[in-house]
**Q** 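Structure below; questions to follow.
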Amino acid sequence: MLGVCGSPHRHLALYSRVFAYSTRTLRGQLLRCFRPEFLPAELTKAQPDRSIIYYAFPDPPTTTLQRIKGITTGSLPTFVDMGSNFGGSSILEDSLIRQLYEAGKQIAFMGDDTWMSVFPTSFAPNMTFPYDSFNVEDLHSVDEGVIRHLLPLLREHTKSWDFIIGHFLGVDHVGHRLGPDHPTMQAKLQQMDNVLRETVELLDDDTLLVLLGDHGMDRKGDHGGDGELETSAGLWLYSKTRPLVDPQADIPAHLLTNRTYPGASTAHRSVQQIDLVPSLSLLLGLPIPFNNLGTVIPELFWTGKQATSFEHALRTNAAQVKRYLDAYRLSPAGSELDSAWKDIQSAWQGAMEGQVPALTMNMFTRYALEACRMLWAQFNITLIGLGLTTLLSSSLATFAVYDSLGRIVQWEPWLDRIASMTLRWSGIGTVSGLVVAFPLRPYVKDVAIFDYVAFGAAIASSFAVIKQALPARRLEIGSISSIPLPLVLHTLSFMSNSYTFWEDHVIPYLLLTSIAPFVLTGFTAPTPRLRTRILFFSSLFAVCVRLIAISTVCREEQQPYCHVTFFSGSTITTPPGLILAIVVPIAFGLPSAIRQYLKISKSDQGLANILLPTIFPSVLTSSSFVWILEWMESSEVLGPSCSGALRLTRTTLAWLSIGTILVVALTLWWLIPLCIKVETSEPAANERREVTIIGFANALGSPYLIFWLIFFSLVFTTTQLAGQVILALATVALLSFLEVVDSVRDVRALNLAFSSSKPSEFLAQSQETRSTLSTVGLRFSEVTPIALLALQVFFGTGHQAVISTIQWKSAFILTSSLTYPLSPLLVILNSLGPVFVFALAVPLIATWNTPPLPYPPSTAQNATLRACLGISLYFTSLLLGSAISSAWLRRHLMVWKVFAPRFMLAALCLVAVDVAVIVGYVIGFGRISVAVGRVFGSMPGANDAAKARKSQ
């Protein structure tokens, strides 16, 4: 629906043209009077009647598309809308751009191509010059393109345009890539200032210049959330000859809000960013967009001591807001206003009857804005309840399967029955959902038929699994109590906003707590060798965890008690000097360290002897050089003239690294996965030939480790330098933990033997199976440290549960520009890769130092499946906990800042974990099982003929 038509706005028109000069991430302090070297502050001081600077508050989310929507429609995009920033569609609501178009105005545009996705047909074809907006590696091309097309339009004697939008990107890209305090930022700001000066020189008397940033940036140059710095932007209005502000205007203080910028000592005049929409509309003689919630800026309409013009503008503004709310009230979503409607009506009545119209109407528009901010974050309690019920039932079903698999001897037929029953009951639930949906639809609002169907299928299948598992193993208190305390504490911690945003500091303590029972077992080990192994590898694990915890990026809520160590500083995104010095030796030496762990079981043979000494060191070292060259290019270490050569070199290295892993390493692993060596000895007279299989004891674990390293290398390539060091430390921690688990199982097996009535027979039976795993089984407490380590590495590699920590640089390691779908995949791999790759490692808990005989290795397969279910259950529990906290605290002040982002992260992490365990179990373990069968399954009397060597 279009804005209000008619005459009220016509006589308020003061300008026939507007030049809207927008730059992403224009932080407010850049326009402050304490930065006098910039033109806005200079002109405001010299010509206060024609130049005015504001702090403009942009409503979150502070992503570009949502802010474009806000500054053209005057509406409030919701936090959930941020996803459309990466694939926006045209704006259907009334907007300033639409009003200009309907009035026959010629709109010129140049810059950020996001505008083209929301206004595809509104700009004059011969004056439209869009540029790619997501290539944060490119600091200059967009700005130079805008300048190249902008200045000729301003020089025209006969103006062919009525409204120019010039959207610069350089400041934003410098912030993302280098940080706001990098020297390049000063150079970029100086370039923008030079463009401004030339623009002001070319302005005519009838043109209004508007300079604004669509959002701010946090301390390290990112944005997207609702942090104080992200929602601090600048707004500058300038008129070359016609007075913009009446110096004699006697504006009441209650109409002028002030705000203190973070770090500033004094407050400054502040407005809502959407206030620009009604103000510009009336200054141009256009109707205010229908769904605007902004309020006209008083200084632009107040003259002398008389408020006539301002009151007229404000009355037009207030009437438009009231019409919009009335229309919204009558719409299908109008019930959202129920709780506030009485107060809105009261405020409107007061505006109409008030003795001071400027005060009462301003109060009405501001109250309407605040009411909509609160109420438009609506929550469908029915869908929330259905979602929580589904999560809870699926968690119980997963636990039931996990618990039952550990106790049923003939588990494979039982699992087949479970799968069959799940499919059958999913169908029953689907039909039931359809049957229930139609009679309930008139009574239950905003629940689609698909929701009923999905809920019915999920609940029915979950309860079918639970019902089938109960006869096999009742969910006794004893089995439930086996769930480790760290999982319980971790899940409950999401009910506290403090624990949630300090989660990166909490996890190391939970992780060290989870390994404490293993350490206690080490102190009571029956042999010195086992005692030494457990305590040594536990200590090494703890040291690695503490070193990983040193690396961090800080979210806004952690200030001033957090210090950034992942980068050189909180406002510079370059790697620390120490990291630059040690990352290459670490990358080169990591495969050698891994090989030392394999040598313990003499499983550094076969494929391991090919890949670990050559392929993996080359790939990891090249990956480090990719990011070192990126640092050299962005910091211009060799000067700007070498930028092209550095870009080409690092792109080539990145392609070589990823290509080598996917083509060479993966192919070799698929063809010859086993890490064993077969030796035969010539028999003496009347003796049988002896066959020795070196690496037999770890014949399942070592090839899976190579499989895991292939995916690890992919994540390593997309991770920045400090994160690569963290990944290396985490790998050492992982392998140390595997050795701890193996030794603890040996201790438990010995303790069981000593406590049995016939220890010698017990030990003989254990020796026959050649695996303590079949004797003591897999425990959930062995999975917990892997799950916590995955999250610890996520935080240690420079991530947080906030949008602004997404590392966009990773999108451009293979290409110099945004390329679909490659660039998004690289960002996903960088962000969720740490969780994915360490969830992928969980089958090692079941396969490490587990021999392949007797074949088929049913015990190892069962334990691998349970380990996969265990880590999935851990992350499902975290998702359930974060979902409950977000639902229960949905009206909490921190819901969009803390609880909702953590819920979204939990959902993404669960997806990554589920994909990882499917890949690990189906592809990794499945291929190894086939290879083991080819070597050992066809050997007659394999159990007797093979001589197993496990280093003691």
Side-chain angles (χ1 to χ4, degrees), residues 1-6 8-9 12 54-59 69-77 93-96 99 231 235 237 249 251-259 269-284 286-302 307-329 334 336-337 339-377:
M1 186 178 292
L2 292 177
V4 183
C5 295
H9 53 274
L12 294 170
Y54 298 98
Y55 282 155
F57 175 83
D59 286 277
K69 180 177 180 180
I71 61 179
T72 57
T73 66
S75 61
L76 302 176
E93 302 99 314
D94 190 14
S95 66
L96 177 60
Q99 291 292 345
T231 55
L235 171 64
L237 303 176
I251 305 176
H254 61 260
L255 295 177
L256 305 177
T257 57
N258 292 278
R259 181 183 175 204
R269 179 74 173 92
S270 174
V271 296
Q272 302 294 316
Q273 194 178 69
I274 60 175
D275 291 347
L276 185 63
V277 175
S279 302
L280 274 185
S281 297
L282 295 181
L283 288 176
L284 287 169
L286 296 172
I288 300 173
F290 177 75
N291 47 341
N292 162 73
L293 289 169
T295 302
V296 290
I297 300 173
E299 292 95 324
L300 304 180
F301 299 94
W302 198 295
T308 305
S309 296
F310 173 68
E311 288 181 0
H312 192 103
L314 188 57
R315 185 175 292 107
T316 303
N317 186 186
Q320 167 266 317
V321 172
K322 182 60 167 60
R323 276 189 289 271
Y324 170 57
L325 294 178
D326 286 340
Y328 194 86
R329 174 72 170 166
E336 295 177 357
L337 293 175
S339 60
W341 189 247
K342 182 178 179 181
D343 291 333
I344 289 174
Q345 290 287 69
S346 178
W348 173 249
Q349 192 68 25
M352 292 296 97
E353 299 174 356
Q355 299 298 316
V356 186
L359 172 62
T360 55
M361 286 187 291
N362 185 76
M363 290 176 61
F364 166 73
T365 57
R366 286 309 187 204
Y367 178 79
L369 174 62
E370 292 304 319
C372 289
R373 275 180 177 153
M374 292 294 296
L375 295 173
W376 280 356

**Q** Return the minimal non-hydrogen interatomic distance between P289 and S95, and the atom names on each side.
**A**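 In terms of heavy atoms, the two residues are closest at CG-C, 3.6 Å.
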**Q** Would K69 and D59 pass as an ion pair if we require N to O under 4.0 Å?
**A**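 Salt bridge between K69 and D59, a charged N being under 4.0 Å from a carboxylate O: no.
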**Q** Measure the shortest side-chain to side-chain distance between V321 and L369 over non-hydrogen atoms and say whether it is less than 4.5 angstrom.
**A**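 No, side chains not in contact.
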**Q** If you compare all heavy atoms of R315 against all heavy atoms of M361, which two are closest, and at what distance to 0.1 Å?
**A**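 Nearest pair, atom of R315 first, then M361: CA-SD, 3.5 Å.
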**Q** Using modelled atom types only, decide if a donor and an acceptor are shared between the side chain of Q320 and the backbone of N292 within a distance under 3.5 Å.
**A**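 Yes.
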**Q** What I'd like to find out is whether the side chain of L76 reaches to under 4.5 Å of the side chain of I274, using heavy atoms alone.
**A**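 Yes, their side chains come closer than 4.5 Å.
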**Q** Looking only at non-hydrogen atoms, find the nearest pair between V271 and R269 and report the distance.
**A**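 In terms of heavy atoms, the two residues are closest at CG1-NH1, 3.7 Å.
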**Q** Does the pair L235 and Q273 meet the rule for a side-chain contact (heavy atoms from CB on, under 4.5 Å), with working shown?
**A** CA-CA 8 Å; L235 171 64; Q273 194 178 69; over 6 Å; no
**Q** Do the non-hydrogen side-chain atoms of L325 and W348 ever get within less than 4.5 Å of each other?
**A**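 No, too far: nothing below the 4.5 Å cut-off.
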**Q** So how far is it from I297 CD1 to W302 CH2, rounded to the nearest 0.5 Å?
**A**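 Spacing of CD1 (I297) from CH2 (W302) equals 15.0 Å.
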**Q** So, using side-chain hydrogen bond (donor to acceptor under 3.5 Å, both in side chains) as the criterion, who are the partners of T365 when residues are at least two apart?
**A**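 T365 satisfies side-chain hydrogen bond (donor to acceptor under 3.5 Å, both in side chains) with T295 only.
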**Q** If you take all heavy atoms of P298 and L255, which pair is closest and at what distance?
**A**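 Scanning both residues, the minimum pair turns out to be CG-O, 3.8 Å.
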**Q** Quick check: closest heavy atoms across A371 and I344, and the distance to 0.1 Å?
**A**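 A371 and I344 have their closest heavy atoms at CB-CD1, 4.4 Å.
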**Q** Output the distance between atom CG (L276) and atom OG1 (T72), rounded to the nearest 0.5 Å.
**A**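 Between L276 CG and T72 OG1, I get 10.5 Å after rounding to 0.5 Å.
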**Q** Under 4.5 Å between any side-chain heavy atoms of F310 and V296, yes or no?
**A**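 Yes, close enough: below the 4.5 Å cut-off.
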**Q** To the nearest 0.5 angstrom, please state how far the CG atom of D343 sits from the CD atom of E370.
**A**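 Here the rounded value is 13.5 Å.
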**Q** Starting from the C-alpha separation in whole Å, work towards a yes-or-no answer on side-chain contact (heavy atoms from CB on, under 4.5 Å) for M363 and H254.
**A** CA-CA 10 Å; M363 290 176 61; H254 61 260; over 6 Å; no
**Q** List the steps, then state whether side-chain contact (heavy atoms from CB on, under 4.5 Å) holds for F364 with K322.
**A** CA-CA 9 Å; F364 166 73; K322 182 60 167 60; 4.0 Å; yes
**Q** Could you tell me whether a side-chain N or O of T257 sits under 3.5 Å from a main-chain N or O of S270, the two making a donor and an acceptor?
**A**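 Yes, the answer is positive, given that a donor and an acceptor are paired below the 3.5 Å cut-off.
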**Q** Find out whether P252 and L359 are in side-chain contact, i.e. whether some heavy atom of one side chain is under 4.5 Å from a heavy atom of the other.
**A**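 Heavy-atom side-chain distance check fails, nothing below 4.5 Å.
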**Q** Hey, could you give me the CG/OG distance between L300 and S309, rounded to the nearest 0.5 Å?
**A**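 Here the interatomic distance stands at 12.0 Å.
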**Q** Before giving the answer on side-chain contact (heavy atoms from CB on, under 4.5 Å), spell out for F290 and T73 the whole-Å C-alpha distance, their side-chain angles and the decisive distance to 0.1 Å.
**A** CA-CA 8 Å; F290 177 75; T73 66; over 6 Å; no
**Q** With rounding to the nearest 0.5 Å, note down the distance linking CD1 in I71 to CG in D275.
**A**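 Result: 13.0 Å between the selected atoms.
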**Q** Just so I know, are the side chains of E299 and L256 near enough to count as touching, which here means a heavy-atom distance under 4.5 Å?
**A**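 E299 vs L256: side chains touch.
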**Q** For a 4.5 angstrom cut-off between non-hydrogen side-chain atoms, does Y367 reach S346?
**A**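 Side chain of Y367 against side chain of S346, heavy atoms only: no contact under 4.5 Å found.
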**Q** Please round to the nearest 0.5 Å and tell me the distance separating atom CG of L237 and atom CG of L280.
**A**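 Output value for this atom pair is 7.0 Å.
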**Q** Return yes if some donor-acceptor pair links the side-chain N/O of D94 with the main-chain N/O of N291 below 3.5 Å, else return no.
**A**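 Side chain of D94 to backbone of N291, a donor-acceptor pair under 3.5 Å: no, none is there.
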**Q** Indicate yes or no: at least one non-hydrogen side-chain atom of F301 is less than 4.5 angstrom from one of L314.
**A**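 No - every pair of side-chain heavy atoms lies 4.5 Å or more apart.
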